[in-house]
Amino acid sequence: GAGALATGSAAAVGTGAFSSAQLDDRTVNVNVAGDANSFIQLNPTSQFAGYDDNETLKLDFTELESSVFGDEEGINPQSTYVFEEVFEMVKIGTGEDHDYNFKIEPDGFDVDIELTSAGSAEGNAGPSEGTDLTEPWGFGGQPTSVFVDITIHATESPDEQGTGGTLTIIADDPDEI
């Protein structure tokens, strides 16, 4: 009788619970890979894309490799240039653990940039041609690839220093992006 009463009282008060804990020295392995070998691969597919010294995708629209004259320095003012299949983005993996939506955010450019789909590699799911890649898109847990077209709209007079910016690729849960 009394033992059962004591046990019942202890359970009601919540004994055995803790308010904080610290567990030290757990092993964590992280491997940082270049863009060609990472979970989301970025592969150059044109003369305007390549890798820098850190194996990170770099885009450069300041020169033409196949130029006869060799002294071109960029695009014209008040013009629109479309660069097709500049690079490919590939998501490896299938299943629920690989269910992401993507979008690409341009930032810091002095020109207008459009990023659209040029289709996907054979055997992979991907957004249809012309899809705006600055809006969320995804294909569940399927292997996915997309070739990225970049359209640049230049406005005023040429800038001796050029213009640059960054592209941020976001992959997140479909409900979060």
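Counting from 1, the numbers follow the sequence of the chain as shown.
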Search all heavy atoms of V111 against all heavy atoms of H153 and return the closest pair with its distance.
-> CB-O, 3.5 Å
For D112 and T151, run side-chain contact (heavy atoms from CB on, under 4.5 Å): C-alpha distance rounded to whole Å, both residues' side-chain angles, the deciding distance at 0.1 Å, then the answer.
-> CA-CA 8 Å; D112 293 326; T151 302; over 6 Å; no
Residues W137 and V146: closest non-hydrogen pair is CH2-CG1, 3.6 Å
Give a yes or no answer on whether the side chain of S145 reaches the backbone of A121 with a donor-acceptor pair at less than 3.5 Å.
-> yes
Roughly how far, to the nearest 0.5 Å, is the CZ atom of F39 from the OH atom of Y100?
-> 8.5 Å
Test item: T116 side-chain N/O and G130 main-chain N/O as donor-acceptor pair under 3.5 Å | no
Kindly indicate, with the supporting measurements, whether the criterion side-chain contact (heavy atoms from CB on, under 4.5 Å) is fulfilled by F61 and I152.
-> CA-CA 10 Å; F61 298 97; I152 301 174; 4.0 Å; yes
What's the verdict on side-chain contact (heavy atoms from CB on, under 4.5 Å) for N124 and T144, showing C-alpha distance, side-chain angles and the deciding distance?
-> CA-CA 5 Å; N124 285 335; T144 303; 5.8 Å; no
L57 side chain reached by L167 side chain, heavy atoms, under 4.5 Å = no
Smallest heavy-atom separation, L23 atom then R26 atom, equals CD2-NH2, 3.1 Å
Nearest 0.5 Å, what's the CG-NZ distance between D132 and K103?
-> 10.5 Å
Of the non-hydrogen atoms in A49 and F87, which two are nearest, and what is the gap between them?
-> CB-CB, 4.4 Å
More than 12 non-hydrogen atoms from neighbouring residues, nucleotides or ligands closer than 6.0 Å to CG on D53, yes or no?
-> no
Looking at CD1 of I150 and CZ of F48, how far apart are the two atoms once the value is rounded to the nearest 0.5 Å?
-> 10.0 Å
Closest non-hydrogen atom pair between A118 and D149, with its separation | CB-OD1, 3.2 Å
Quick one: pull up OG in S46 and CD in E88 and give me the separation to the nearest 0.5 Å.
-> 12.0 Å
Does the D60 side chain pair with the main chain of T62, one donor and one acceptor, at a distance under 3.5 Å?
-> yes
Give a yes or no on whether Q41 atom CD has more than 12 heavy-atom contacts from other residues, nucleotides or ligands under 6.0 Å away.
-> yes
State whether the side chain of S117 and the backbone N or O of P127 hold a donor-acceptor pair below 3.5 Å, judged by distance alone.
-> yes
Give a yes or no on whether the backbone of E85 and the side-chain of T45 come within a donor-acceptor separation of less than 3.5 Å.
-> yes
Beyond-backbone contact of D35 with I40, side-chain heavy atoms, under 4.5 angstrom = no
Between the main-chain N or O of S79 and the side-chain N or O of N76, is there a donor-acceptor pair closer than 3.5 Å?
-> no
Would you sort out whether F83 and V148 count as a side-chain contact (heavy atoms from CB on, under 4.5 Å), showing the intermediate values?
-> CA-CA 9 Å; F83 299 94; V148 179; over 6 Å; no
Atom pair CD1/CG of I113 and D107 - distance to nearest 0.5 Å = 11.5 Å
At what distance, to the nearest 0.5 angstrom, does CD of E84 lie from CZ of F147?
-> 12.5 Å
Within-4.5 Å side-chain heavy-atom neighbours: E105 and T134 | no
Shortest non-hydrogen contact from A36 toward Y51 | CB-OH, 3.2 Å
